[in-house]
Amino acid sequence: MTAVPINQIICGDNVETLRTLPDACVDLVVTSPPYDNLRTYGGHSWDFEGVAQQLWRIIKPGGVVVWVVNDATIDGSETGTSFRQALRFMEIGFRLHDTMIWNKTGFTAVGSLQVRYAPVFEFMFVLSKGDVKAFNPIKDRVVLNSDDRQFRTIRQRDGTTKQLSHKPKPSVSGAMGIRYAIWDVPNPGVSGNLHPAVFPEALARDHILSWSNEGDIVLDPFSGSGTTAKMAKLMGRQFIGIEINPEYCEIAAERLRQGVLF
């Protein structure tokens with residue numbers, strides 16, 4: 001049986017590298033692929049179909065793929081590539097377990113705002129291979145019970161329905177609820193020559209905490225400067241990073257050696 005190359009940044013084509021991994025060997029994938037050729041990332045192209053098929057093969061039953069993606073606007077119209085990718089994952093066999101939004105707080109929108117609202121978010125498709133085996137919900141939402149009435153509907157004799165509200169529970173000071181599916185995370189932008197689209201550390205960290213357990217293997221097939229690998233290591237997981245650009249591979253390796261996030 002082929003050994004799993006854990007705790008490594010592998011420099012090479014992601015489809016070819018994924019083909020060398022054993023079946024069902026990865027617990028979680030957290031990645032953000034280049035979308036719609038908005039950036040060349042050193043002039044390298046990539047094969048969506050090949051990546052998607054290989055992710056289905058190497059993910060464990062109950063494992064999760066977090067696919068962070070967005071669309072370009074071409075000739076006045078959004079491409080819809082993100083939706084087509086999500087639907088293709090489902091055709092392959094993945095479940096669309098959760099559709100989440102990364103709200104880029106502090107983000108300055110570029111382009112014309114004369115005909116549409118500012119695009120300040122990205123989709124985070126959470127895809128699962130069967131029932132999700134790990135869910136460790138982050139509880140950082142302040143619960144205001146005094147504003148949280150519960151409602152139920154009853155059917156009356158004349159066939160109409162009536163909505164009844166129940167008295168809210170007393171407010172609990174400091175009570176925290178599970179975070180909702182829209183995550184407010186600052187966009188780091190471009191940091192020197194680190195990478196043209198740096199993946200936020202908090203975003204990678206929170207998905208890793210949510211959809212995996214300590215000791216699990218976390219993969220990023222578009223590793224870039226190694227943020228997913230770095231956060232997996234800090235959160236007590238094992239990691240595999242795949243990146244075709246040698247410059248980014250070296251940056252990622254240096255970050256892992258230093259033990260410092262930047």
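Numbers for residues simply follow the sequence, beginning at 1.
- Residues I182 and L96 fall within the same hydrophobic cluster, defined by Ile, Leu, Val, Met, Phe, Trp and Tyr side chains chained together at heavy-atom separations under 4.5 Å.
- Between the side chain of S77 and the main chain of I74, no donor-acceptor pair closer than 3.5 Å is present.
- Annotation for F48 and R88: closest pair CE2-CG, 3.6 Å, computed over non-hydrogen atoms.
- S128 and R95 are not linked by any side-chain donor-acceptor pair at a separation below 3.5 angstrom, with hydrogens and angles left out of the test.
- Atom-to-atom distance recorded for L219:CG and L21:CG is 7.0 Å, nearest 0.5 angstrom.
- A distance of 11.5 Å separates SG in C249 from CD in Q8, rounded to the nearest 0.5 Å.
- Atom CG in N103 sits 4.5 Å away from atom CG in D184 (nearest 0.5 Å).
- Looking only at atom types and distance, the side chain of T31 has a donor-acceptor partner in the side chain of D220 under 3.5 Å away.
- Here the shortest heavy-atom pairing between A52 and F94 reads O-CE1, 4.2 Å.
- Comment: K230 does not engage E201 in a salt bridge, judged by the lack of any side-chain N to carboxylate O separation of less than 4.0 angstrom.
- Salt bridge annotation for D140-R179: present, with a cationic side-chain nitrogen under 4.0 angstrom from a carboxylate oxygen.
- Looking at every heavy atom in both residues, T228 comes nearest to V30 through OG1-O, 3.3 Å.
- Aromatic ring orientation, F121 versus F123: perpendicular (interplanar angle above 60°, classes split at 30° and 60°).
- Residues T227 and R255 bring a donor and an acceptor atom of their side chains to less than 3.5 Å of each other.
- Counting only heavy atoms from C-beta outward, the side chains of N70 and T81 never approach each other to under 4.5 Å.
- Summarising the geometry, atom CD belonging to Q238 is positioned 5.5 Å from atom CG belonging to N7; distances are rounded to the nearest 0.5 Å.
- Distance check, rounded to the nearest 0.5 Å: CH2 of W102 to NE2 of H207 gives 10.0 Å.
- Rounding to the nearest 0.5 angstrom, the gap separating the CG atom in D13 from the CZ atom in R19 is 8.0 Å.
- The two residues I251 and S225 come nearest to each other via the heavy atoms CG2-CB, 4.0 Å.
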